[in-house]
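Here's the structure, in structure tokens; my notes come after.
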Amino acid sequence: QVQLVESGGGLVQAGGSLRLSCAASGGTFSSYNMGWFRQAPGKEREFVAVINWSGDTTMHADSVKGRFTISRDNAKNTVYLQMNSLKAEDTAVYYCAAAYGTRWSPRLSKLYEYNYWGQGTQVTVSS
């Protein structure tokens, strides 16, 4: 059983930056592809970014491409989401998730590919 704990959320002005962290425990971190998703009030949870088990392959949603960057540190069992040039529409609860396995697939943008989820961290961008 893998436990995921997000941190780093908060209130920021439009144009600002935040870095989210997700600490994993209870499993072999490098056995998982790791993703970030977000859910705004009244909307469905949506894909933000994913990184493969070794950290050398990433995929970002079009809405965040060029502004957000996912990374991981397997020695620290942690995945990060650096968010720059934040916009009001980035306001949401951000969740990290773990997908067991090292196979890379475009389906890693889908919620059903993930086995474990964190509790989420709130990001609020004021305009």
Checklist entry - If every non-hydrogen atom of Ala14 is compared with every non-hydrogen atom of Ser127, which pair is closest and at what distance? => result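 Answer, listing the atom of Ala14 first, then Ser127: CB-CA, 4.2 Å.
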Checklist entry - Where do Val5 and Gln119 come nearest, in terms of heavy atoms and distance? => result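 Shortest heavy-atom contact: CA-OE1, 3.8 Å.
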Checklist entry - Which of these passes ring-ring contact (aromatic ring centres under 6.0 Å, His included) with Tyr100: Tyr32, Phe29, Trp53? => result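 Option passing the ring-ring contact (aromatic ring centres under 6.0 Å, His included) with Tyr100: Tyr32.
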Checklist entry - Between Trp36 and Phe47, is the gap from one ring center to the other below 6.0 Å? => result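 Ring centroids of Trp36 and Phe47 are no less than 6.0 Å from each other.
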Item to check | Cation-pi, Tyr80 ring and Arg19 (6.0 angstrom, 45 degrees) | outcome: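 Positive - Arg19 is close enough to the ring of Tyr80 and near enough to its axis.
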Item to check | Ring-face cation contact, Trp117 with Arg45, 6.0 Å cut, 45° max | outcome: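 Arg45 over Trp117 ring: yes.
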State, yes or no, whether a side-chain contact exists between [X] and [Y] at a heavy-atom distance under 4.5 Å.
X: Leu20; Y: Val123; value: yes
X: Ile51; Y: Asn33; value: no
X: Val93; Y: Thr121; value: no
X: Glu46; Y: Gln39; value: no

Checklist entry - Yes or no on side chain to side chain contact (heavy atoms under 4.5 Å, CB included) for His60 and Val50, after CA distance, side-chain angles and deciding distance? => result CA-CA 7 Å; His60 295 78; Val50 60; over 6 Å; no
Item to check | Salt bridge flag under 4.0 Å for residues Asp62 and Lys65 | outcome: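 A salt bridge is present here (some side-chain N lies under 4.0 Å from a carboxylate O).
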Checklist entry - Okay, side chain of Ser105, backbone of Arg107: is any donor-acceptor separation there less than 3.5 Å? => result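 Yes, because the side chain of Ser105 sits within donor-acceptor range (under 3.5 Å) of the backbone of Arg107.
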Item to check | With Ala40 via side chain to side chain contact (heavy atoms under 4.5 Å, CB included) - residues at least two apart | outcome: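 If we apply the side chain to side chain contact (heavy atoms under 4.5 Å, CB included) test to Ala40, skipping adjacent residues, the hits are Lys43, Ala92.
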Item to check | Val12: which of Thr124, Leu86, Thr91 passes side chain to side chain contact (heavy atoms under 4.5 Å, CB included) | outcome: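 Among the candidates, only Leu86 passes.
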Item to check | Euclidean distance, Leu18 CG relative to Leu11 CG, rounded to 0.5 Å | outcome: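 The distance works out to 9.0 Å.
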